[in-house]
Amino acid sequence: MRDEAEEEARSMDATYRAIGCFITHFSGVEEVMRDYLALKVGLALQDYNAVITHDFALLCTAVEEVFGRTLDAQNKKHLRGLISRARELNIQRVKVVHGQWWPDHEGGTLWHISRQNLRAKVSGKMAISLNHQTELARELMVQMRVFFEQECP
């Protein structure tokens, strides 16, 4: 009985840790995009919070629009690829944040209803999936920072 309770606690911890790590790294991607957009347009620090409050999809569009004005074709394509990856991570974030969670022995089960078709989808072993998504977010954050630093000297 005690071993079963300890295993359940470990699984719950793994699920909660995976959720937290994913959200933290997703926020890092968002922060890089917000900061470099503000830098690119010369936004004064005191205006940052009032102006850079877009939802994530709008932020992606704004970054692509503003940076796209000065990029050559190759860098525009590269930026589109980065933004596309960010949008894919956001799809996962929406499910994580708005879904119903069960931290079970499988590493967490997520039940989410699609806004597009109102169908429910149940996904198991989410801790493993989120650990992978966290790594993708970490890599994207670094790649975006490198890209934007070249564009905002």
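Only a predicted model underlies this, so the values are computations on that prediction, with no experimental measurement involved.
- S84 contributes atom OG, which lies 9.0 Å from atom CD of E64 (distance to the nearest 0.5 angstrom).
- Around atom CG of L58, more than 12 heavy atoms belonging to other residues, nucleotides or ligands sit under 6.0 Å away.
- Using a 4.5 Å heavy-atom threshold, the side chains of R115 and H98 count as separate.
- The side-chain heavy atoms of L89 and F22, taken from C-beta on, include a pair separated by under 4.5 Å.
- Side-chain contact check for N131 versus R17: every heavy-atom pair is 4.5 Å or farther apart.
- G68 and L79 get closest at one heavy-atom pair: N-CD2, 4.4 Å.
- Of all the heavy atoms in G99 and L110, the pair that sits closest is CA-CD1, 3.7 Å.
- The shortest distance between side-chain heavy atoms of H78 and L71 does not fall below 4.5 Å.
- Within 6.0 Å of the CH2 atom in W111, the count of heavy atoms belonging to other residues, nucleotides or ligands does not exceed 12.
- When side chains are defined from C-beta on, F147 does not count as touching Y36, because their heavy atoms never get closer than 4.5 Å.
- The shortest distance between side-chain heavy atoms of T109 and M126 does not fall below 4.5 Å.
- Residue pairs meeting the side chain to side chain donor-acceptor pair (under 3.5 Å) criterion with at least one partner in residues 38-50, sequence neighbours excluded, are D35-Y48, K40-T70.
- The shortest side-chain heavy-atom distance between L136 and R85 does not fall under the 4.5 Å cut-off.
- No hydrogens or angles considered: nothing links the side chains of R87 and N90 as a donor-acceptor pair under 3.5 Å.
- If you chain together hydrophobic residues whose side chains sit under 4.5 Å apart, L130 and V122 never meet in one group.
- With hydrogens and angles ignored, the 3.5 Å screen pairs a side-chain donor or acceptor of S27 with a backbone N or O of I23.
- For the salt bridge (Lys or Arg N to Asp or Glu O under 4.0 Å) test, residues two or more places apart in sequence or in another chain that qualify with E135 are R138.
- The hydrophobic cluster containing F148 also contains V41, counting ILVMFWY residues as joined when their side-chain heavy atoms lie under 4.5 angstrom apart, directly or transitively.
- Of all heavy-atom pairs between T134 and A18, the closest is OG1-O, 4.3 Å.
- Nearest heavy-atom pair across A86 and M144 is CB-CE, 4.0 Å.
- For the atom pair CH2 (W101) and NZ (K95), the distance works out to 11.0 Å, reported to the nearest 0.5 Å.
- In the hydrophobic clustering of this structure, I52 groups with M33; members are Ile, Leu, Val, Met, Phe, Trp, Tyr whose side-chain heavy atoms approach within less than 4.5 Å, directly or through other members.
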